[in-house]
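Everything below concerns the one structure shown next.
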Amino acid sequence: MARKTGSDGQKTARDIRSAALRLFAEKGYAAVSMREIARDVGVQAGALYLYTPDKQSLLADLMISHLQDLMAAWKTELARVEADPVARLDCFVRFHIRYHLQRIDEVFIAYMELRNLVPENFTRVETLRRSYERELENILAAGQSLGQFKSTDTRITPLAIIAMLNGVMTWFRDGGRLSRSDIETLYLGHVRRLVGLA
């Protein structure tokens, strides 16, 4: 199968990433072949190797890019918020839900396909994940030191909060009883109660 008419290298690279992302999310990494990705994009299977060394590299690249983009977006959001830990906690909850609801496939792959990473790639991905988790840890630690939040385990509590927020991606659908804004407010209430805020 030849390259699609009018396509260029950058577009083909984007198409490969998009196809891999969708197929990995739909079928699981192990069930998707490079040939299937190539067929979806409309190129010969051998052409994929001009853009990625192998399927493992493609998976790692998708996960690493997602986490790098997440951290960059969070830093931009954080720069707009005052230093008060309560304001930053509110911002984190709303940001996390809003950002991830726009990237459900990326979130699914980032958590469900960790088991398929080779150790070197797992370490790279886990380092980025920990950087993001540490942002919430720092907010909670700052709030505790000021007496704003009740004393909780600042390692486990952030993981529990993030797991709860990620749960939204598994069930929320637009057009339901609650809007995205409603979900942000509802979950913010849960998180605030968890850390001892009214």
Side-chain angles (χ1 to χ4, degrees), residues 17 21 24-25 29 56-172 180-181 183-198:
R17 287 171 56 87
L21 177 69
F24 291 164
Y29 170 81
Q56 171 68 205
S57 299
L58 188 53
L59 175 65
D61 182 55
L62 288 170
M63 296 170 82
I64 288 167
S65 295
H66 166 66
L67 290 165
Q68 288 174 334
D69 291 347
L70 171 65
M71 279 298 295
W74 166 244
K75 293 293 187 183
T76 299
E77 190 79 9
L78 186 61
R80 301 186 184 118
V81 181
E82 59 184 287
D84 174 61
V86 175
R88 291 193 165 193
L89 179 63
D90 290 356
C91 178
F92 183 93
V93 171
R94 290 187 181 279
F95 165 82
H96 187 92
I97 292 173
R98 186 170 59 250
Y99 187 89
H100 287 79
L101 276 176
Q102 296 171 354
R103 296 162 180 83
I104 290 176
D105 285 349
E106 288 91 333
V107 176
F108 179 81
I109 290 170
Y111 285 90
M112 298 306 295
E113 297 296 351
L114 282 169
R115 66 190 181 276
N116 284 308
L117 291 173
V118 298
E120 177 186 350
N121 288 333
F122 180 88
T123 299
R124 293 171 65 201
V125 168
E126 191 63 14
T127 298
L128 289 168
R129 280 179 43 148
R130 281 291 297 128
S131 294
Y132 184 66
E133 292 163 0
R134 206 169 293 117
E135 293 291 313
L136 183 53
E137 287 176 20
N138 293 339
I139 292 169
L140 296 183
Q144 285 183 18
S145 70
L146 294 173
Q148 295 172 309
F149 305 150
K150 71 180 182 183
S151 181
T152 60
D153 185 316
T154 55
R155 180 68 188 104
I156 299 301
T157 303
L159 296 177
I161 290 171
I162 289 172
M164 177 173 64
L165 299 180
N166 284 344
V168 175
M169 316 317 145
T170 65
W171 61 264
F172 178 79
R180 293 184 181 214
S181 179
I183 294 300
E184 289 179 26
T185 301
L186 180 66
Y187 273 75
L188 180 56
H190 293 322
V191 171
R192 279 173 152 255
R193 284 188 289 275
L194 182 62
V195 300
L197 289 169

Keeping the roles fixed (side chain from [X], backbone from [Y]), state whether a donor-acceptor pair exists under 3.5 Å.
{"X": "T170", "Y": "G167", "value": "yes"}
{"X": "S145", "Y": "A142", "value": "yes"}
{"X": "E133", "Y": "L159", "value": "no"}

Mind checking whether [X] and [Y] have parallel, tilted or perpendicular rings, split at 30° and 60°?
{"X": "Y132", "Y": "H100", "result": "tilted"}
{"X": "F95", "Y": "W74", "result": "tilted"}
{"X": "H190", "Y": "Y187", "result": "perpendicular"}
{"X": "H66", "Y": "Y99", "result": "tilted"}

Margin query: Can you confirm whether Q102 is buried at CD, in the sense that more than 12 heavy atoms of other residues, nucleotides or ligands lie under 6.0 Å from that atom?
Written below: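 Yes, CD of Q102 has more than 12 neighbouring heavy atoms, counting only those of other groups under 6.0 Å.
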Please name the pair of heavy atoms, one in [X] and one in [Y], separated by the smallest distance, quoted to 0.1 Å.
{"X": "V118", "Y": "Q56", "answer": "N-OE1, 3.0 Å"}
{"X": "V195", "Y": "I161", "answer": "CG1-CD1, 4.4 Å"}
{"X": "M63", "Y": "E113", "answer": "CE-C, 4.2 Å"}
{"X": "H96", "Y": "N166", "answer": "NE2-OD1, 2.7 Å"}
{"X": "T127", "Y": "T123", "answer": "OG1-O, 2.8 Å"}
{"X": "P85", "Y": "I139", "answer": "O-CG2, 3.5 Å"}

Next item on the list: Name all residues meeting the salt bridge (Lys or Arg N to Asp or Glu O under 4.0 Å) criterion together with D61; count only those two or more places apart in sequence or in a different chain, and write none if there are none.
Entry: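 Scan of D61 (salt bridge (Lys or Arg N to Asp or Glu O under 4.0 Å), adjacent residues dropped) gives R17.
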Next item on the list: Test side-chain hydrogen bond (donor to acceptor under 3.5 Å, both in side chains) on R94 and S181 and set out the steps.
Entry: CA-CA 9 Å; R94 290 187 181 279; S181 179; 4.9 Å; no
Approximate separation, where rounding is to 0.5 Å, of [X] [atom1] and [Y] [atom2]:
{"X": "I109", "Y": "L59", "atom1": "CD1", "atom2": "CG", "value": "7.0 Å"}
{"X": "L140", "Y": "K150", "atom1": "CG", "atom2": "NZ", "value": "11.5 Å"}
{"X": "R192", "Y": "D90", "atom1": "CZ", "atom2": "CG", "value": "4.0 Å"}
{"X": "L78", "Y": "E135", "atom1": "CG", "atom2": "CD", "value": "6.5 Å"}
{"X": "T157", "Y": "F149", "atom1": "OG1", "atom2": "CZ", "value": "11.0 Å"}
{"X": "I64", "Y": "L117", "atom1": "CD1", "atom2": "CG", "value": "8.0 Å"}

Margin query: side chain to side chain contact (heavy atoms under 4.5 Å, CB included) for T185 and L188? Distances and angles first, verdict last.
Written below: CA-CA 5 Å; T185 301; L188 180 56; 5.6 Å; no
Next item on the list: For I97 and R180, run side chain to side chain contact (heavy atoms under 4.5 Å, CB included): C-alpha distance rounded to whole Å, both residues' side-chain angles, the deciding distance at 0.1 Å, then the answer.
Entry: CA-CA 8 Å; I97 292 173; R180 293 184 181 214; over 6 Å; no
Note to self: Quick one, I162 with Y111, criterion side chain to side chain contact (heavy atoms under 4.5 Å, CB included). Give me CA distance, side-chain angles, the key distance, then yes/no.
What the structure shows: CA-CA 12 Å; I162 289 172; Y111 285 90; 3.8 Å; yes
